[in-house]
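In what follows, a single structure is set out as structure tokens and then discussed.
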Amino acid sequence: MNGIAARAIERFVCDTYGEAAWHDVVRRARLHVSSFELLLTYPENTTARLVATSTAVLGRQVHDLMEDLGTYLVTHDNMAAVRRLLRYGGADFESFLDSLDDLPDRTRLAFPELVLPRLRTRPRGAGAFDVECGEATPLMVHVLAGAIRAMADDYGALAVLDVDAPARRIAVSVPALRHSAGRDFHLGGATR
Amino acid sequence: MPALGPGALDALMPMHLALDAHGAIMASGRALRRLAGEAAAPGCDVFDGFRVVRPEGVEDAGALLAHAGRPLVMRTIVAGREVTLRGHLVADAAGRGLLNLALAVSDLPDLGGADLTAQDFAPTDPTVDMLYLLEAKELAFAETRRLIGRLQGAKSRAEAEALTDALTGLANRRALEMRLAGVVREGRAFALCHVDLDYFKAVNDTLGHAAGDAVLRAAARRLGEIVRTSDTVARTGGDEFVLLFPGLVEIARLREIAGRVVAELERPVAFGGRECRISASIGISLSTAYERPDPDRMIADADAALYASKVAGRARHTFHGGAG
């Protein structure tokens with residue numbers, strides 16, 4: 001089930017750059033599909049081709065584009081469900097970082113076929129953490145970094161990230177856990 | 001036993017009520033106070049803000065005490081709406097008790113107005129995981145519904161395409177067979193009219209396939225204008241068409257229709273500054289000529305009658321069995 005990556009890129013490009021840009025991407029990627037399904041499996045090189053054509057069509061550096069994708073998944077109104085699910089990770093940003101270890105297992109409860117890379121958060125003392133994503137591709141590390149940055153804002157924490165994609169590691173330092181008010185979050189608020 | 005202060009109960013059971021022997025609230029957990037407000041405030045009678053719905057008849061402290069250790073289903077008001085709680089009472093020898101409660105799973109999706117946070121629940125309480133699951137499930141369902149919708153659209157399109165002749169938009173052989181089977185099943189009388197274009201090969205050979213396609217499209221359009229909406233016009237081969245007339249076996253009427261088909265198809269078709277001229281030979285079979293109409297046999301008989309029209313000089317129609 002690799003539809004999640006293709007679908008995420010589709011929604012990101014459509015919501016951020018418009019439908020026309022997306023049609024340009026799929027046409028140039030020669031994928032013969034104009035819209036992807038989260039629940040389906042596509043040929044193995046689909047994601048790589050979408051990323052390559054997206055960077056070409058949008059004229060962006062691949063690392064920046066992937067970080068923006070991560071940010072989009074957390075901040076855009078159309079992705080409110082994703083942001084809410086991540087907020088269930090903990091009451092503050094540090095517990096959220098800690099909860100990343102549980103993310104693949106939790107995700108599997110709702111989408112049994114969806115395998116996310118294992119994540120491991122190691123405290124380095126004095127509000128510093130290393131998020132290790134050994135099974136992730138370097139591109140996924142950038143997506144994750146974008147999402148973590150956005151989640152820090154969401155929690156109202158001040159966080160500085162140092163992304164080492166080849167080493168599959170994101171160093172997060174949190175000088176202020178409560179820097180701003182952050183965004184409201186109430187349990188059970190979305191399904192009412 | 002560790003010597004724990006009063007805060008320990010609150011931390012271990014954020015949804016508890018400590019009751020005296022008369023049912024007055026002595027203390028309550030922080031989550032329950034947050035949820036139920038005044039109803040859980042120390043000093044209140046538990047029955048003022050909470051109602052036992054199962055088992056029935058538990059309406060005072062004595063009855064509650066008698067049910068110590070057994071499951072209880074209770075209701076209280078949260079954010080203006082009634083929610084269900086499950087719990088049990090553990091009592092000491094003096095009749096004082098601890099009533100520990102949890103939110104019923106069925107009510108969790110409705111608690112949006114209750115201002116709940118993760119700190120309201122003990123880490124051992126799976127309520128937060130349950131809420132997470134409910135929302136994740138909602139997301140999964142939304143995606144599933146979207147997928148089903150797209151597949152359904154694709155299926156209808158594929159079905160329409162599978163029953164349609166791509167060049168003319170007429171029904172194809174498969175669609176004709178399905179409609180024929182339907183008419184036979186209904187036991188209605190019907191006529192089958194097999195139309196073969198005369199001189200079509202000459203148009204194709206001298207003016208090219210594009211001209212041939214234009215002639216076929218024009219023929220299809222004209223045939224469609226002659227028949228009733230309840231009739232079927234199908235393209236069953238290169239230059240062969242079959243017309244199905246449910247409920248029509250009147251010979252005079254069919255002769256008139258066959259005459260119009262020949263006349264309409266003989267009207268020239270303009271293509272690339274040239275005029276394409278064709279005609280049509282027709283064979284007709286009537287379901288009333290058979291004890292048990294069999295579609296395959298009737299098509300074969302209409303075909304034989306069509307052949308007779310060709311032999312007799314084309315641009316005409318023949319009834320199977322020599323009728324008319």
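Here is how names work: the chains are called A, B, and so on, in the same order as the sequence lines, proteins then strands, and each is numbered from 1. Heavy-atom basis, side chains included; hydrogens, waters and symmetry copies ignored.
Chain B is approached within less than 4.5 Å, heavy atom to heavy atom, by A:R106, A:T107, A:L109 from residues 99-109 of chain A, ordered by number.
More than 12 heavy atoms of other shown residues, nucleotides or ligands fall within 6.0 angstrom of atom CD in A:E135. Counting non-hydrogen atoms of other residues, nucleotides and ligands closer than 6.0 Å to CZ of A:R60 gives a total above 12.
A:E37 contributes atom CD, which lies 7.0 Å from atom CG of B:L151 (distance to the nearest 0.5 angstrom).
For A:A110 against B:L133, the heavy-atom pair with the smallest separation is N-CD2, 4.4 Å. When all heavy atoms of B:R146 and A:F36 are compared, the closest pair comes out as NH2-O, 3.1 Å. The minimum heavy-atom distance linking A:L38 with B:E143 is given by the pair CD2-CG, 3.3 Å.
Interface remark: B:T127 contributes no atoms to any contact with chain A (heavy atom separation under 4.5 Å). Contact annotation for A:S35: both backbone and side-chain heavy atoms come within less than 4.5 Å of a heavy atom of chain B.
The backbone N or O of B:Y132 sits nowhere less than 3.5 Å from a side-chain atom of A:R84 that would complete a donor-acceptor pair.
Per-residue counts of heavy-atom pairs under 4.5 Å with chain A were compared for B:T144, B:L147, B:L139; the largest is that of B:L147.
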